**Q** 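Below is a structure I'd like to ask you about.
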Amino acid sequence: MPELPEVESFRKYIADTSLHQKIKNVRTAAQGMLIETTDADLKRILKNNSFEDTFRHGKFLFVRLRSHGSLMLHFGMTGDLLYYSDNASPKSYVLLFEFDNGHRLSFSDPRRLGKISLVDDVQAFINKRGYGEDALQISWESFYTILKKKRTAIKVSLMDQKVVAGVGNEFSDEILFQTQVHPASITSRLPEKKLREIYESMKSILKEAVNHDADRKKLKHYFFLGNRKAGLRCPGCKGETEWQTIGGRSSYFCAACQKLYR
DNA sequence: CTGCGTGTTGCACA
DNA sequence: GTGTGCAACACGCA
């Protein structure tokens, strides 16, 4: 699920369902997913606590607790949230909250590539780990200052969470398709005008995805989102899309429409 | 059975 | 310091 738009919809989901309810019990099955905390501490801090507010930075979600800082959730590749207001029981979970009113919130993650932590100070956590500004917040000036110096592939720059936080593999491909830039282009070789287009495209695609709760069915007018294959007919030139791994990730693009800057 | 994947980190190496 | 490539984490799916 999770790039910035998915995490934003998880944020809203928690805000809409789970705030200001006493947490009666916490169940965990999150071995290997905890950062700087233990199973026992997690349970101890969260039990009888409550969620008061939500905050997202890039792909990280923070839920402020009534006491003892915030809960940090990262969804890896397969993390998901589900709120239960009936008696149905979660099929599987890595973290399960049981509220006073009998409702439950589960965090599931089959591949367990997600992360869970307790943080005292959200901004300090972000700074310490060196993450860049959130993709929906970053100014053009900051974006340009960082990108113009990067000598790595533009796709790698966009996906680098220390450059700008929130863009992942699928959205990077879509941004570069829309702006007609080959994903392997050397970032510093792109003219300022192109970087500006990429910046604007990043903002508008992410915003639209956020407005549609990251639902790929409502983003059909984009090309590569949820439609990642080689050999597709490019809507621009009618040629075939190609596949290449760039920065260790599968990248889809149209070599005819997307110019390679070297 | 093999290969792949909406993510991140750490490490070896140029 | 900058950048590249890969393995690892762990599981479901085609």
Side-chain angles (χ1 to χ4, degrees), chain A residues 1-11 13 28-36 56-61 72-81 91-95 107-117 125-126 128-132 134-135 145-177 183-189 202 205-206 208-210 212-220 222-231 242-253 262:
Chain A
M1 308 244 88
E3 290 187 40
L4 185 154
E6 286 86 354
V7 179
E8 178 61 15
S9 76
F10 288 144
R11 187 195 66 73
Y13 189 71
T28 61
Q31 299 86 342
M33 296 175 64
L34 305 182
I35 299 178
E36 289 167 11
R56 181 192 57 72
H57 183 93
K59 303 173 193 172
F60 289 86
L61 178 57
M72 184 285 285
L73 299 177
H74 189 286
F75 297 86
M77 302 220 329
T78 56
D80 201 4
L81 295 177
K91 289 185 284 290
S92 66
Y93 59 83
V94 291
L95 191 53
F107 172 26
S108 63
D109 186 3
R111 279 182 73 179
R112 312 170 64 86
L113 295 173
K115 291 283 177 265
I116 298 165
S117 192
F125 174 89
I126 293 164
K128 183 181 166 195
R129 298 172 73 94
Y131 297 123
D134 183 81
T145 303
I146 300 168
L147 275 278
K148 71 179 177 187
K149 287 184 282 207
K150 282 268 160 204
R151 277 169 291 184
T152 191
I154 181 64
K155 178 180 172 70
V156 174
S157 300
L158 289 176
M159 288 196 303
D160 185 345
Q161 303 301 298
K162 296 185 174 181
V163 168
V164 51
V167 179
N169 199 18
E170 286 199 350
F171 279 84
S172 69
D173 277 354
E174 189 61 38
I175 291 163
L176 295 171
F177 177 73
S185 295
I186 304 299
T187 307
S188 58
R189 296 292 206 185
M202 171 179 85
I205 296 174
L206 290 176
E208 192 174 345
V210 162
H212 290 104
D213 274 337
D215 183 345
R216 303 306 162 92
K217 290 189 196 94
K218 295 176 183 163
L219 299 167
K220 279 293 183 198
Y222 290 117
F223 182 53
F224 277 122
L225 291 178
N227 190 28
R228 299 168 64 68
K229 272 185 208 156
E242 296 183 23
W243 174 92
Q244 192 178 317
T245 100
I246 296 170
R249 308 297 304 278
S250 275
S251 183
Y252 298 89
F253 56 92
R262 282 285 185 189

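Keep in mind that this is a model prediction, so the values were computed, not measured. Naming convention: chains lettered A, B, ... in sequence-line order (proteins, then strands); numbering from 1 in each chain.
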**Q** Sub-3.5 Å donor-acceptor pair from the side chain of A:Asp215 to the main-chain atoms of A:Lys217, do we have one?
**A**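 Yes; judged by distance alone, with no hydrogens or angles, the pair exists.
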
**Q** Any Lys/Arg nitrogen of A:Glu6 or A:Arg56 sitting under 4.0 Å from an Asp/Glu carboxylate oxygen of the other?
**A**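 Salt bridge between A:Glu6 and A:Arg56, a charged N being under 4.0 Å from a carboxylate O: no.
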
**Q** Considering every strand and a 4.0 Å limit on heavy-atom distances, what is the contact class for A:Gly168: base, sugar-phosphate, or nothing?
**A** sugar-phosphate

**Q** Checking contacts here: which listed nucleotide (C:dC9, B:dT8, B:dG5) is nearest the side-chain heavy atoms of A:His74?
**A**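 It is B:dT8.
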
**Q** If a stem is a run of at least 3 consecutive Watson-Crick or G-U pairs, both distances under 3.5 Å, which stems include DNA chain B?
**A**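 When the pairs of DNA chain B are grouped into runs of at least three, the stems are B:2-5 with C:11-14, B:7-14 with C:2-9.
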
**Q** When you measure from the side chain of A:Thr152, which nucleotide among B:dG5, C:dG12, C:dG3 comes out closest?
**A** C:dG3

**Q** Can you measure A:Leu113 atom CG to C:dG12 atom C1' for me and round it to whole angstrom units?
**A** 12 Å

**Q** Considering heavy-atom distances to DNA chain C, does A:Thr245 or A:Arg112 have its closest nucleotide positioned more toward the 5' end?
**A**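 Its nucleotide being nearer the 5' end, the pick is A:Thr245.
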
**Q** Please give, in whole Å, the distance from C:dT4 P to A:Lys155 NZ?
**A**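 It works out to 14 Å between those atoms.
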
**Q** C:dT2 P sits how many Å from A:Asp160 CG, rounded?
**A**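 To the nearest whole Å, that distance equals 11 Å.
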
**Q** State which of C:dC11, B:dT8, C:dG3 makes the closest approach to the side chain of A:Gln161.
**A** B:dT8

**Q** Is the backbone of A:Ser250 close enough, under 3.5 Å, to the side chain of A:Arg228 for a donor and an acceptor to pair up by distance?
**A**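 Yes, A:Arg228 side chain to A:Ser250 backbone: donor-acceptor pair under 3.5 Å.
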
**Q** Kindly give the heavy-atom pair with the smallest separation between A:Thr187 and A:Ser157, and that separation in Å.
**A** OG1-OG, 2.8 Å

**Q** In whole angstrom, give me the gap between the P atoms of B:dG3 and C:dA7.
**A**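 Taking atom P in both B:dG3 and C:dA7, they lie 13 Å apart.
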
**Q** Nearest to the A:Arg129 side chain among B:dT9, B:dG5, C:dG3, which nucleotide is it?
**A** B:dT9

**Q** Using the side chain to side chain donor-acceptor pair (under 3.5 Å) definition, which of the options A:Glu174, A:Glu208, A:Glu170 pairs with A:Tyr222?
**A**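 When side chain to side chain donor-acceptor pair (under 3.5 Å) is applied between A:Tyr222 and each of A:Glu174, A:Glu208, A:Glu170, only A:Glu208 qualifies.
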
**Q** Write down the distance between CG (A:Asp80) and C1' (C:dC11), rounded to a whole number of angstrom.
**A** 15 Å

**Q** If we take the P atom in both C:dG3 and B:dT6, what is their distance in whole Å?
**A** 24 Å

**Q** Does B:dT6 have OP1 or OP2 under 4.0 Å away from a side-chain N or O of A:Tyr252?
**A** no

**Q** Scan A:Lys59 against the nucleic acid and name what it touches under 4.0 Å (heavy atoms): base, sugar-phosphate only, or nothing.
**A**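 It contacts sugar-phosphate atoms only.
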
**Q** Identify whether any heavy atom of A:Tyr131 sits under 4.0 Å from a base atom; if not, whether one sits that close to sugar-phosphate; answer base, sugar-phosphate or nothing.
**A**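 Since only primed, P, OP1 and OP2 atoms lie under 4.0 Å of A:Tyr131, the category is sugar-phosphate.
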
**Q** Using whole Å, report how far CZ of A:Arg249 lies from C1' of C:dA7.
**A**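 The answer, rounded to whole Å, is 14 Å.
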
**Q** Rounded to the nearest angstrom, tell me the gap between atom NZ in A:Lys150 and atom C1' in C:dG3.
**A** 8 Å

**Q** Roughly, in whole Å, what's the span from CD1 in A:Ile126 to P in B:dT8?
**A**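 Rounding to the nearest Å, CD1 of A:Ile126 and P of B:dT8 are 14 Å apart.
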
**Q** Does the pair A:Glu36/A:Arg129 count as a salt bridge with the N-to-O cut at 4.0 Å?
**A** no

**Q** Return the 5'-most residue of the pair A:Asn169, A:Lys162 with respect to DNA chain B, ranking by each residue's nearest nucleotide.
**A**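 Comparing both residues, the 5'-ward one is A:Asn169.
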
**Q** Relative to the ring of A:Phe224, is the ring of A:Tyr252 parallel (under 30°), tilted (30 to 60°) or perpendicular (over 60°)?
**A** tilted

**Q** Could a donor-acceptor pair under 3.5 angstrom be found where the side chain of A:Arg111 meets the base of B:dG5?
**A** yes

**Q** Find the distance A:Arg228:CZ to C:dA14:P and express it as a whole number of Å.
**A**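 One finds 17 Å between P of C:dA14 and CZ of A:Arg228, rounded.
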
**Q** Which atoms form the tightest heavy-atom contact between A:Asp109 and A:Gly114, and what is the distance?
**A**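 Closest approach of A:Asp109 to A:Gly114: OD2-N, 2.8 Å.
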
